Amino acid sequence: MSSRFPEPLRAAFALLLAGCGVACAAEQPELRVCADPDNPPYSLRDQSGFENRIAQLVADDMGARLTYFWQEQGRGFVRKTMGAGQCDLFIGVPAGFERVLTTRPYYRSTYVAVFRNGTTPFEGFDAEALRSRRIGVQLIGDDLATSPPGYALARAGLIDNVRGYALYGDGPAARRMVDAVASGQIDLALVWGPQAGYFAHRAGLALTPASAPPGLPVPFEFSIAMGVRKGDKALRDRLDEILQRRRADVQAILASYFVPTVAMPQRVADQTGGAQP
């Protein structure tokens with residue numbers, strides 16, 4: 001096959017391309033993310049979780065190579081990951097999380113009620129309406145404290161018909177709760193929205209947002225941000241710019257995993273690295 005370039009020139013050009021490939025690979029920035037390798041629907045080792053997809057979107061926008069440090073969530077997660085210098089970024093943390101420097105929140109979700117189609121929908125924390133129903137709640141933290149909906153049930157005097165699901169066990173608590181609803185072991189599960197939406201859709205169950213009863217001192221809605229190392233304002237500011245510019249793409253990823261979202265209060269939307277809502 002003929003060529004417009006003499007053989008020596010073509011050989012020199014090939015060497016130049018090869019050298020550039022090595023140099024370009026060396027110069028490409030790296031975005032190091034810490035995540036749990038088995039925490040659906042957020043993150044998985046095969047990078048099929050929605051936080052994995054958001055991380056890839058951000059890395060691509062930066063022109064960076066995405067790498068992971070995998071660590072199961074539990075006691076000392078921040079200390080063992082970002083605190084040990086293993087990563088630069090957490091994709092999802094509560095807005096204002098004090099252990100890191102947070103971006104502006106990029107979504108806000110709420111606890112929801114999951115129930116079987118054709119059964120009585122959840123309409124609030126009325127004691128008489130719920131007294132005959134078997135209800136599952138998440139137990140969060142290392143001390144197995146109840147979630148905000150569990151607190152609401154306790155305040156309404158609904159203890160005997162409530163079943164708690166520990167955060168850590170044979171698979172995510174949310175999946176175990178949704179499976180229990182689907183199999184008829186419980187009638188209703190009050191679950192954190194991003195997990196509930198994903199697992200309820202897969203199980204063919206219905207869900208509805210759960211609102212905190214008047215006077216309850218704990219919220220049901222929380223805003224989620226990204227977290228970087230304290231002092232890394234340059235990365236935080238760059239992430240804020242990307243999240244704002246790619247907002248529609250991020251929201252499309254969340255919607256594809258059936259994450260229920262609620263409106264962001266303005267004071268929270270403007271928040272960067274402040275206190276939790």
Side-chain angles (χ1 to χ4, degrees), residues 39 41-42 73-75 77 90 92-99 102 105-115 120-131 133-169 172-178 180-181 186-200 205-225 227 254 258-265 267-269 271 274-277:
N39 188 26
Y42 301 107
Q73 287 196 18
R75 186 184 294 274
F77 180 76
F90 296 135
V93 298
F97 181 48
E98 68 278 0
R99 300 287 303 278
T102 58
Y106 62 95
Y107 78 96
R108 185 175 177 89
S109 193
T110 182
Y111 279 89
V112 301
V114 178
F115 51 94
T120 304
F122 176 80
E123 296 180 344
F125 289 87
D126 178 73
E128 290 307 314
L130 295 177
R131 199 169 302 281
R133 307 188 75 179
R134 298 164 297 171
I135 306 169
V137 298
Q138 288 166 296
L139 301 178
I140 55 180
D142 295 313
D143 58 355
L144 299 182
T146 188
S147 59
Y151 187 83
L153 291 168
R155 198 181 71 156
L158 298 165
I159 303 252
D160 294 340
N161 52 332
V162 172
R163 177 177 175 183
Y165 290 79
L167 190 61
Y168 306 110
R175 183 171 63 195
R176 286 179 274 126
M177 294 168 71
V178 167
V181 173
I186 59 176
D187 303 306
L188 178 71
L190 294 165
V191 193
W192 175 233
Q195 300 165 310
Y198 177 78
F199 291 119
L205 300 176
L207 63 78
T208 188
S211 298
L216 194 75
V218 291
F220 276 30
E221 298 179 4
F222 295 91
S223 299
I224 305 302
L254 295 173
F258 305 94
V259 175
T261 57
V262 296
M264 193 90 65
R267 66 176 180 83
V268 177
Q271 175 184 333
Q276 279 187 247

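If you're wondering where the values come from, they're calculated on a predicted model, not measured in any experiment. Worth knowing before you read on, the calculation uses all heavy atoms, side chains too, and leaves out hydrogens, waters and symmetry mates.
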Find the distance between OH (Tyr107) and CD1 (Ile224) and round it off to the nearest 0.5 Å. 5.0 Å

Between Val178 and Arg175, is the side chain to side chain contact (heavy atoms under 4.5 Å, CB included) condition met? List the steps. CA-CA 5 Å; Val178 167; Arg175 183 171 63 195; 5.8 Å; no

Looking only at heavy atoms, which two atoms of Gly92 and Tyr106 are closest? And how far apart? CA-OH, 4.1 Å

From Tyr42, Tyr111, Tyr165, residue fulfilling ring-ring contact (aromatic ring centres under 6.0 Å, His included) relative to Trp192: Tyr111

Distance, nearest 0.5 Å, that separates CZ of Arg131 from CG of Asn161: 8.0 Å

Got Pro105 and Phe222 here, is their nearest side-chain heavy-atom distance under 4.5 Å? no

Kindly compute the distance separating CD (Gln195) from CD (Gln138), expressed to the nearest 0.5 Å. 5.0 Å

Go through the structure and list residues passing side-chain hydrogen bond (donor to acceptor under 3.5 Å, both in side chains) with Tyr198, not counting sequence neighbours. Arg202

List the residues meeting salt bridge (Lys or Arg N to Asp or Glu O under 4.0 Å) with Arg99, not counting sequence neighbours, and say none if there are none. none

Nearest 0.5 angstrom please: Thr208 OG1 to Glu123 CD, how far? 9.0 Å

Test side chain to side chain contact (heavy atoms under 4.5 Å, CB included) on Tyr151 and Val137; report intermediate values, then the result. CA-CA 10 Å; Tyr151 187 83; Val137 298; over 6 Å; no

When rounded to the nearest 0.5 Å, the distance separating CZ of Arg108 from OG1 of Thr261 is 11.5 Å

In Ile159, Val162, Thr146, the residue satisfying side chain to side chain contact (heavy atoms under 4.5 Å, CB included) with Leu153 is Val162

So CZ of Arg155 and CZ of Phe125: to nearest 0.5 Å the spacing works out to 9.5 Å

